[in-house]
Amino acid sequence: MSSAPASPFVPALQKKEARPIGAIVFLWLIFLWPIGSCGSMGGMRLRQATAPVVAVDAPAKLASVPLGKFVSADVRPTTLSKGEFPIGNQRMAVADGYESFGVADARDVIIIANTDLSALEHRGVVKVEGQMCDGDAVLVCQVPAELGRYVGYVEKERKVPIHVLLASAKPHGMIWEACIGLGTAWMVFLLGLVATWQVLRASRTPGALAFEKPVTLPAGPEAIRAKLRAQAGPMCRVAHDDAELFVLLVGKSMGQARLMGAREPTDIPLRVDVMLGATDAYRGSAAHVRIFALFGSPKSQVLAPAAQLAVQRASAWIVGLCETP
């Protein structure tokens with residue numbers, strides 16, 4: 001392989017086929033899912049953390065507070081379970097450090113806390129702050145995993161939908177989750193920008209000069225150009241045709257190869273230049289054949305084995321085509 005510089009001339013068809021629109025769209029379809037999911041989750045947590053705490057003036061109104069909202073209410077708690085929670089059929093769920101409380105005047109509300117509210121029972125009415133939830137919520141709030149079945153058991157016992165006041169949840173606790181969600185979305189977005197820049201940079205490289213050879217044409221330039229035009233097809237596109245230079249794009253287009261891959265050597269995108277020289281009455285016409293591997297880097301002449309095989313086949317074909325009478 002020669003180390004001669006790549007031709008600065010790039011035909012319009014090559015520029016068009018090098019546009020990585022399909023690859024970039026596919027790339028961002030992959031990146032947009034984590035960006036959207038992490039960003040929306042982080043944004044929701046941020047809104048929850050910065051929303052004002054809802055003051056509830058009567059325990060009976062707790063059940064009407066939307067899920068995920070942080071509330072403050074004066075309630076009269078009564079201890080239901082501590083450490084071990086019934087889940088039916090004489091079975092118990094173990095959740096060390098948690099306890100549950102009933103709320104006077106609110107049969108459809110229970111309090112779950114990891115703080116010792118039972119010490120406040122003797123005071124009668126106490127102020128409790130926390131987040132409203134239920135046993136099925138998983139996004140805006142979530143009951144501790146060990147206690148989800150316990151909430152369902154209480155619903156069966158009381159025969160009413162149960163709303164849970166998570167006294168252990170605090171608004172500032174959502175800040176960390178918001179930072180994780182938004183930070184992850186931002187990092188994936190930056191990664192997408194870097195990947196897009198890499199694809200755009202790769203699409204603008206002229207390719208690596210993989211083969212170069214002077215040839216003598218047994219026929220005149222016009223006859224050779226006619227033979228080259230006859231090769232035109234989906235896998236051999238005429239990109240430029242004038243008296244001095246004939247350019248063929250061989251293999252898949254760069255966009256197709258970048259998006260779907262090149263499984264066969266004949267699929268690998270190559271550019272074939274045939275530079276036609278002056279006609280000599282005694283020696284015939286001179287020409288110069290050059291082949292560029294469009295996915296190769298001009299800074300590195302080392303090509304993958306499949307690309308080397310593709311160049312070998314293309315060089316034998318184009319030289320044979322030019323030198324055959």
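These numbers come from the heavy atoms of this one structure, side chains and all, not from hydrogens, waters or symmetry mates. Model, not experiment: these values are computed from the prediction.
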Check: [Y] and [X] side chains under 4.5 Å, non-hydrogen atoms:
X      : Y      : result
Trp317 : Val250 : yes
Phe85  : Leu80  : no
Thr196 : Pro20  : no
Leu249 : Pro269 : no
Arg149 : Arg91  : yes
Ile318 : Leu228 : yes
Trp186 : Leu182 : no
Leu200 : Ile24  : yes

Working note: Gln312 + Phe211, criterion side chain to side chain contact (heavy atoms under 4.5 Å, CB included); need CA distance, chi angles, decisive distance, verdict.
CA-CA 8 Å; Gln312 291 172 4; Phe211 177 83; over 6 Å; no

Are [X] and [Y] connected in the hydrophobic side-chain network, where two residues link if heavy atoms are under 4.5 Å apart?
X      : Y      : answer
Met187 : Leu27  : no
Leu309 : Ile268 : no
Val94  : Ile112 : no
Leu166 : Leu67  : no
Val54  : Val126 : yes

State whether the side chain of [X] and the backbone N or O of [Y] hold a donor-acceptor pair below 3.5 Å, judged by distance alone.
X      : Y      : result
Glu212 : Arg290 : no
Arg313 : Thr266 : no
Lys227 : Thr324 : yes
Gln48  : Ala178 : no
Arg158 : Arg107 : yes
Ser100 : Ser81  : yes

Could you tell me the separation between the [atom1] atom of [X] and the [atom2] atom of [Y], rounded to the nearest 0.5 Å?
X      : Y      : atom1 : atom2 : value
Asp136 : Glu155 : CG    : CD    : 6.5 Å
Ser253 : Lys16  : OG    : NZ    : 10.0 Å
Tyr150 : Tyr153 : OH    : OH    : 9.0 Å
Ile175 : Thr50  : CD1   : OG1   : 7.0 Å
Leu245 : His288 : CG    : NE2   : 11.5 Å
Met174 : Leu46  : CE    : CG    : 11.5 Å

If you compare all heavy atoms of [X] against all heavy atoms of [Y], which two are closest, and at what distance to 0.1 Å?
X      : Y      : answer
Ile35  : Ala185 : O-CB, 3.7 Å
Met132 : Cys141 : O-SG, 3.6 Å
Phe101 : Ala113 : CE1-CB, 4.4 Å
Val143 : Gly148 : CG1-N, 4.1 Å
Thr184 : Cys38  : CG2-SG, 3.7 Å
Ala167 : Val128 : CB-CG1, 3.9 Å

Could you walk me through whether Val274 and Leu321 satisfy the side chain to side chain contact (heavy atoms under 4.5 Å, CB included) test, starting with their C-alpha distance in whole Å, then the side-chain angles of each, then the deciding distance to 0.1 Å, before giving a yes or no?
CA-CA 11 Å; Val274 179; Leu321 190 69; over 6 Å; no

Heavy-atom count check: over 12 atoms from other residues, nucleotides or ligands less than 6.0 Å from [X] [atom1]?
X      : atom1 : value
Met235 : CE    : yes
Gln198 : CD    : yes
Lys69  : NZ    : no

Test Ile111 against every option in Val75, Leu62, Thr78, Val164 by the side-chain contact (heavy atoms from CB on, under 4.5 Å) rule and name the one that passes.
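Of all the options given, the one that passes is Val75.
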
Let me see the working for Ile180 and Arg45 under side chain to side chain contact (heavy atoms under 4.5 Å, CB included), right down to the final yes or no.
CA-CA 10 Å; Ile180 292 176; Arg45 291 290 186 259; over 6 Å; no

For Phe292, does the six-membered ring have the charged nitrogen or CZ of Arg271 within the cation-pi criterion, i.e. under 6.0 angstrom from the centroid and within 45° of the normal?
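That pair qualifies as a cation-pi contact.
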
Any chance you could pull the hydrophobic cluster mates of Trp33, using side-chain heavy atoms under 4.5 angstrom and chaining through other members?
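Besides Trp33, the hydrophobic cluster comprises nothing; the residue is isolated.
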
